[in-house]
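Each remark here refers to the structure printed beneath this line.
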Amino acid sequence: MPSDLIEPDRIVDDQSRRIGGHIRALRRARSLTLVQLAELTGLSHPFLSQVERGHSRASMVSLEKIAGALATSQVELLAAGAAQTRTPEDRRPEVLRSGEGAKGPFSSGEARLLVHGGPHAFEPLEWVGDNTDLGPYFEHHEDEFLYVLAGSVLLDLGPDGDSGDGVLRLGPGDSAYYRGRTPHRWCSADGSRFHLVVVKETPRLGAPS
C-alpha cells in the first residue's frame with residue numbers, strides 16, 4: 001500500500017494549498033508535465049495532481065522525491081507553505097533571528113532557510129552535514145553561490161570545473177559561484193562536520209508548462 005493516500009477532493013489546509021501551488025508553479029517553470037514529474041519521482045500522477053491542488057498532503061519522503069525532481073529542496077517547499085506576510089512591493093528590511101526559518105533535511109545534511117516566507121530575489125540557505133559520499137549531482141536553471149563557514153569540503157562541479165576534473169577542496173573562507181545548469185555536489189573532505197551558506201537565485205515561476 002502506498003505511503004501517501006489520496007484524500008477526498010477538498011483542501012487539506014492552507015499550508016498544503018500553498019505548497020501544492022508552489023510545486024505546480026515550479027513544475028511549469030521547469031517545463032514538466034504531471035506525467036513527467038510522476039516518472040521522475042516514482043509517485044502516481046493522480047497523487048501528484050491531488051498534492052498540487054492542496055487536496056492531499058505529501059509526506060516528507062514524497063516531498064524529498066518531488067524536490068529532487070524539481071531541482072529544489074524540501075526546505076524551500078516547506079517555506080512555500082508558510083503564510084505570505086509580504087508583497088513584492090514591500091520594501092521593508094527583513095530580520096531573521098537565530099533559530100528561526102524553515103528547517104529540514106536536504107540531501108545528506110540539514111538546511112535552514114535564512115529568510116522568512118517570500119517573495120525574494122534569491123534563496124539563502126544554511127547547510128550543515130558530515131557526509132563523505134558525494135552522492136548524485138544537483139542541477140538547476142538558477143545561478144548559485146556557496147561559502148564555507150567551517151570544515152573542509154569537496155565540491156564537485158563536474159568535468160567543466162576549474163580544476164580539470166571538477167573537484168575542488170574548500171576550507172573556511174573559501175567560496176564558489178557557478179552558473180545555472182552546472183552539475184554540483186559536495187561532501188566532507190575528511191569526515192568532519194562542515195557548515196555552508198548556499199545562495200540560489202529564486203526560480204522564475206509562472207512559465208507555461
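- Side chains of Ser73 and Glu76: a donor on one and an acceptor on the other come within 3.5 Å.
- Using a 4.5 Å heavy-atom threshold, the side chains of Val75 and Lys103 count as separate.
- Inspection of the His140 and Glu201 side chains reveals no N or O donor paired with an N or O acceptor under 3.5 Å.
- In this structure the side chain of Val115 reaches within 4.5 angstrom of the side chain of Leu113, judged on heavy atoms.
- The hydrophobic cluster containing Leu32 also contains Leu43, counting ILVMFWY residues as joined when their side-chain heavy atoms lie under 4.5 angstrom apart, directly or transitively.
- A salt bridge links Arg181 with Glu139: at least one charged nitrogen is closer than 4.0 Å to a carboxylate oxygen.
- In the hydrophobic clustering of this structure, Leu70 groups with Met60; members are Ile, Leu, Val, Met, Phe, Trp, Tyr whose side-chain heavy atoms approach within less than 4.5 Å, directly or through other members.
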Item to check | Evaluation steps, side chain to side chain contact (heavy atoms under 4.5 Å, CB included), between His116 and Glu100 | outcome: CA-CA 8 Å; His116 293 293; Glu100 295 180 343; 3.5 Å; yes
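- Annotation for Phe122: atom CZ does not count as buried by contact number, only 12 or fewer foreign heavy atoms lying within 6.0 Å.
- Linking ILVMFWY side-chain heavy atoms closer than 4.5 Å, directly or via other members, places Val128 and Leu155 in two distinct hydrophobic clusters.
- Both Leu168 and Val148 are assigned to one and the same hydrophobic cluster, defined by single-linkage of ILVMFWY side chains at heavy-atom distances under 4.5 Å.
- Two residues are said to be in side-chain contact when any heavy atoms from C-beta on lie closer than 4.5 Å; Leu26 and Thr72 meet this criterion.
- Arg112 places no side-chain N or O within donor-acceptor distance of the main-chain N or O of Glu126, the cut-off being under 3.5 Å.
- Ring centers of His184 and Tyr178: under 6.0 Å apart, within the cut-off.
- By the salt bridge (charged side-chain N to carboxylate O under 4.0 Å, His left out) test, Arg179 pairs with Asp143, sequence neighbours left out.
- Paired with Arg27 under the rule side-chain contact (heavy atoms from CB on, under 4.5 Å), one option of Ile66, Leu34, Leu48 passes, and it is Leu34.
- Connection of Tyr147 to Leu196 is not established within any shared hydrophobic cluster, with ILVMFWY side chains joined at heavy-atom distances below 4.5 Å, either directly or through further cluster members.
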Next on the checklist: What verdict does the side chain to side chain contact (heavy atoms under 4.5 Å, CB included) test give for Cys187 and Asp133, after you've listed the backbone C-alpha separation in whole Å, the side-chain angles of each residue and the deciding distance to 0.1 Å?
Outcome noted: CA-CA 6 Å; Cys187 71; Asp133 182 0; 6.0 Å; no
Checklist entry - Do Gln36 and Thr41 pass the side chain to side chain contact (heavy atoms under 4.5 Å, CB included) test, and can you show the C-alpha distance, the side-chain angles, and the key distance before you say yes or no? => result CA-CA 9 Å; Gln36 290 171 322; Thr41 60; over 6 Å; no
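- Ring orientation note: the planes of Trp186 and Trp127 are nearly perpendicular, at an angle over 60° on the 30°/60° scale.
- A donor and an acceptor atom, one from each side chain of Ser152 and Arg169, are located under 3.5 Å apart.
- Ile19 is not listed as a side-chain neighbour of Arg17, based on a closest heavy-atom distance of 4.5 Å or more.
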Item to check | Derivation and outcome, side chain to side chain contact (heavy atoms under 4.5 Å, CB included), residues Leu125 and Val199 | outcome: CA-CA 6 Å; Leu125 291 171; Val199 182; over 6 Å; no
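- Residues Leu40 and Arg30 have side chains not in contact (no heavy-atom distance under 4.5 Å, counting atoms from C-beta outward).
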